[in-house]
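One-based numbering, in listed order, for ligands and for the atoms of each. For the single chain, residues carry numbers from 1 onward in sequence order.
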Amino acid sequence: AKEAGRARMTLYDPSMDADREQRNALELDLRIAIESGDLTLAYQPLVDAGTHALTGVEALVRWNRPGHGPVSPELFIPIAETSGLIESLGLFVLRKACETAKQWPELNVSVNVSPGQFRNPAFTDYVRYVLKQTEIEASRITLEITEGYMIQNPQRTRQSIERLKGLGVKVALDDFGSGFSSIGYLRQFGFDRIKIDRSLVMGVNEDKRQREMLQATVALARSLDIPVTAEGIETEGQAVAMRLFGCDCLQGYLFGKPLTAERITEMLDELRTA
Ligand code: C2E
Ligand code: CA
Ligand code: CA
Ligand code: CA
């Protein structure tokens, strides 16, 4: 430790200290936010590709950091991962989403699971616990996982997915096409759904090669009987194309930004009385 300290001394850079200080402050504030229940969830609409009817929502965590304003989950989720906070953050998100979903019997609710949660051998136990505690119908919950962890631990991933499916929840592969995923993975893991990453969907009407790749990807997933969601739909053109390729579910600003739970409830009330 002494030697490491000396090595660090020789690389001394005051701006690095400032960075670390900021990060530590952020981590501390995040810890406090989790403990005092200051995180909230936003819910983004998922719609049927054919009718554009609301079929579900994806829960997305939100943090309004005191004195700083909203912080992107793209920034604080990785910090939660490396500082041991992801467990309690993830538990909060899952419990809150399941509790809230009870008011929306007609909707499916997707919840993001980060690798740090999924890696925990007790993860399935706490999913079971939350399902029981909130008395939510398991089949209405979809857990979205990304491929990073999967590739490192295919064996354990397969087991975890199997156990989760045994509880009755659905498991989706998130951000498909953004990383190293190979279509070969899809069959062996038993995913109930894949979500095509926004970075791919964006170029669908601009780049011929990307269009063909996307089309082939959706076709392959469908040949394995796995339904496909396209995320990040911002234009009519993208919605039409992704539907044409065979996506059954669409998500994106075109259909709705992430909204408060109250707003989703109002939307459902309007639909019920329409
Ligand atoms: P994600 O799971 O891929 O979620 C979709 C992200 O894309 C959300 O950003 C959403 O607001 C954004 N988005 C949706 N439609 C559009 C669109 O049409 N255009 C554009 N430009 N963006 C769109 P958000 O909420 O900032 O979340 C970013 C990422 O942070 C998520 O990506 C997910 O990886 C992570 N995340 C968010 N909430 C949670 C959570 O509760 N738990 C975990 N583990 N991760 C979360
Ligand atoms: Ca997601
Ligand atoms: Ca995604
Ligand atoms: Ca993403």
Side-chain angles (χ1 to χ4, degrees), residues 30 33-34 37-47 52 56-65 69-101 108-120 123 126-127 130 141-149 170-179 181 191-205 228-239 241-242 247 249-261 263-264:
L30 182 60
I34 295 168
D38 283 346
L39 300 179
T40 57
L41 295 186
Y43 298 89
Q44 185 175 30
L46 300 166
V47 305
H52 296 183
V57 290
E58 177 177 0
L60 295 158
V61 68
R62 293 291 177 260
W63 178 29
N64 195 355
R65 187 180 177 202
V71 183
S72 166
E74 311 239 34
L75 183 72
F76 69 80
I77 294 285
I79 290 179
E81 284 262 351
T82 53
S83 57
L85 294 173
I86 196 66
E87 300 261 335
S88 46
L89 187 154
L91 193 54
F92 163 82
V93 170
L94 184 66
R95 184 179 288 137
K96 187 81 184 167
C98 288
E99 268 168 15
T100 309
N108 294 303
V109 176
S110 292
V111 179
N112 292 288
V113 173
S114 69
Q117 293 173 270
F118 198 71
R119 194 178 294 125
N120 182 348
F123 178 64
Y126 84 61
V127 172
V130 172
I141 303 296
T142 300
L143 302 177
E144 298 190 356
I145 69 173
T146 50
E147 67 197 345
Y149 173 78
K170 304 261 172 26
V171 182
L173 176 58
D174 200 0
D175 296 350
F176 187 73
S178 65
S181 41
F191 287 108
D192 295 296
R193 172 170 292 280
I194 73 173
K195 293 186 78 172
I196 305 267
D197 194 57
R198 179 166 68 90
S199 60
L200 262 83
V201 173
M202 258 164 47
V204 67
N205 289 318
V228 182
T229 298
E231 63 178 32
I233 304 277
E234 294 183 354
T235 68
E236 283 294 343
Q238 290 166 344
M242 295 314 292
C247 294
C249 179
L250 305 176
Q251 176 181 10
Y253 292 171
L254 180 68
F255 305 105
K257 290 201 168 173
L259 304 166
T260 62
R263 203 43 214 119
I264 298 290

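In terms of polar-atom proximity, defined here as any N/O pair under 3.5 Å, V61 does make such a contact with ligand 1. An N or O contact shorter than 3.5 Å is missing between S72 and ligand 1 by distance. Between Q251 and ligand 1, no N or O atom pair is found at a separation short of 3.5 Å.
Note that the CG atom of L91 and the CG atom of N120 stand 10.5 Å from one another [nearest 0.5 Å]. The CG atom of L94 sits 11.5 Å away from the CG atom of L89 when rounded to the nearest 0.5 Å. In this structure, the separation between CD on E231 and CD on Q44 is 8.5 Å, given to the nearest 0.5 Å. Note: T229 OG1 to M242 CE = 10.0 Å, rounded to the nearest 0.5 Å.
Checked by atom type and distance alone, the side chain of E99 never pairs as donor or acceptor with a backbone atom of K96 at under 3.5 Å. In this structure a side-chain-to-backbone donor-acceptor pair under 3.5 Å is present from E81 to G116. No donor-acceptor distance shorter than 3.5 angstrom exists from the side chain of D192 to the backbone of A172, with no hydrogens or angles considered. In terms of modelled atom types and a separation under 3.5 Å, the side chain of N205 and the main chain of G237 share a donor-acceptor contact.
Contact atoms of ligand 1 toward Q44: 10 (C), 14 (C), 15 (N) (distance under 4.0 Å to a heavy atom of the residue). Atoms of ligand 1 lying under 4.0 Å from any heavy atom of E231, numbered from 1 in the order shown and given with element: 3 (O). Counting the atoms of ligand 1 from 1 in the order shown, those under 4.0 Å from a heavy atom of E234 are 17 (C), 18 (O), 19 (N), 20 (C), 21 (N). The ligand atoms of ligand 1 that sit less than 4.0 angstrom from a heavy atom of G252 are 15 (N), 18 (O). Atoms of ligand 1 found under 4.0 Å from any heavy atom of D175 (numbered from 1 in listed order, with element): 3 (O). In the vicinity of E74, heavy-atom distances shorter than 4.0 Å reach the ligand 1 atoms 28 (C).
Residue contacts with ligand 1, taken as heavy atom pairs separated by less than 4.0 Å, involve S114 via backbone and side-chain atoms alike. With a 4.0 Å heavy-atom cut-off, ligand 1 is reached by the backbone of L60 and by its side chain too. With a 4.0 Å cut-off on non-hydrogen atoms, D174 touches ligand 1 through its side chain and not its backbone.
For the Ca ion (ligand 2), the nearest N, O or S atom contributed by E144 is named OE1. Residue D175 approaches the Ca ion (ligand 3) most closely through its N/O/S atom OD1.
Results of the side chain to side chain contact (heavy atoms under 4.5 Å, CB included) test with V113 over I145, V93, I86, V127 single out I145 as the only residue that passes.
Of the angles at the Ca ion (ligand 2), the one spanning OD2 of D174 and OD1 of N112 is 90° when given to 10°.
Because the distance cut-off is set at 3.0 Å, E58 qualifies as a neighbour of the Ca ion (ligand 2) through one of its N, O or S atoms.
Proximity of E147 to L173: side-chain heavy atoms (C-beta onward) are separated by under 4.5 Å at one or more points. L39 has its side chain within reach of W63: a pair of non-hydrogen atoms, C-beta onward, lies under 4.5 Å apart. K170 places none of its side-chain heavy atoms less than 4.5 Å from the side chain of R193.
Ligand 1 is approached by E58 to a heavy-atom distance shorter than 4.0 Å. Using a 4.0 angstrom heavy-atom cutoff, R62 counts as in contact with ligand 1.
Distances from atom 21 (N) of ligand 1 to the heavy atoms of K257, Q238, R198 show the closest one on R198. Closest heavy-atom approach to atom 16 (C) of ligand 1 within the set F92, Y253, F76: this belongs to Y253.
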